[in-house]
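Since we're looking at a predicted model, the values are computed, not measured. Just so we're on the same page: letters track the sequence lines, and every chain starts at 1.
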Amino acid sequence: DAKTTQPPSMDCAEGRAANLPCNHSTISGNEYVYWYRQIHSQGPQYIIHGLKNNETNEMASLIITEDRKSSTLILPHATLRDTAVYYCIVRPPGDKIIFGKGTRLHILP
Amino acid sequence: NAGVMQNPRHLVRRRGQEARLRCSPMKGHSHVYWYRQLPEEGLKFMVYLQKENIIDESGMPKERFSAEFPKEGPSILRIQQVVRGDSAAYFCASSQRGIEKLFFGSGTQLSVL
């Protein structure tokens, strides 16, 4: 079973920042937080991951709280192509990835 | 660099036939994962393989389903005597050493008539 809790859906206006929350209150010390997304019918796409520190790459930023019990994925300037299901995943090193239900993000024109 | 390649992209089988789904991982990757996605549902883990070894098959149905990842060649997910309930998208992913991010293929859509 997935060890994360995400809102089932969110809306965001095009051009605005999309902030997707995730709760993982039972996370263990060696478990990483991963974010993937799945655009309709396509294979999941890796976005970003982190352990303790905040991370940023060309796609997004990941903010992890100090107690590591929750995190937020930030898409700085959402476009229509960012419409997808976003999955927050907690994963021990070397283990499989278990997907939950994710957040369906709608970008509104 | 070629990504994870899955073929066929679409596969149609009649009830009782066998389905073979192939997955070629990214170059240099020795870890392969298979997932199934039923219509309008989430991705379900099936099996995790390393070259010539099954690491975790906790998500595989007990009957009719098998997977292999030989020393040479692609990983194969085999479904014997398919039933309508096997109709789904099957995704394969690979990673280099099992501890990094996974790269996913475009999937095989299996339709059972």
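In this structure, R16(A) does not pair ionically with E14(A), as no charged nitrogen and carboxylate oxygen lie closer than 4.0 Å.
Using a 4.5 Å cut-off between heavy atoms, Y87(A) contacts chain B through its side chain alone, with no backbone atom that close. Only the side chain of Q38(A) comes within contact range of chain B, with at least one heavy atom under 4.5 Å from a heavy atom of that chain.
Figure legend: cation-pi geometry between R37(A) and Y86(A) absent, as NZ or CZ is not positioned both under 6.0 Å from the six-membered ring centre and within 45° of its axis.
Less than 6.0 angstrom separates the ring centroid of Y35(B) from the ring centroid of F45(B).
I27(A) has its side chain within reach of V33(A): a pair of non-hydrogen atoms, C-beta onward, lies under 4.5 Å apart. For the pair C88(A) and L73(A), the minimum side-chain heavy-atom distance is 4.5 Å or more. Within the 4.5 Å cutoff, side-chain heavy atoms of L20(A) are placed close to those of L105(A).
Annotation: the span from M10(A) atom CE to R104(A) atom CZ amounts to 14.0 Å, rounded to 0.5 Å.
Contact count against chain B (heavy-atom pairs under 4.5 Å) is highest for I97(A) among V85(A), D95(A), I97(A). Top candidate by heavy-atom pairs under 4.5 Å with chain B, chosen from G102(A), P92(A), P44(A), is P44(A). Between chain A and the residues K44(B), E100(B), Q6(B), E41(B), the largest count of heavy-atom pairs under 4.5 Å involves E100(B).
Against chain A, the residues from residues 63-93 of chain B that qualify, each with a non-hydrogen atom under 4.5 angstrom away, are F91(B) in number order.
In this pair, Y34(A) and Y46(A) present their aromatic rings perpendicular. The plane angle is above 60°, beyond the 30 to 60° band.
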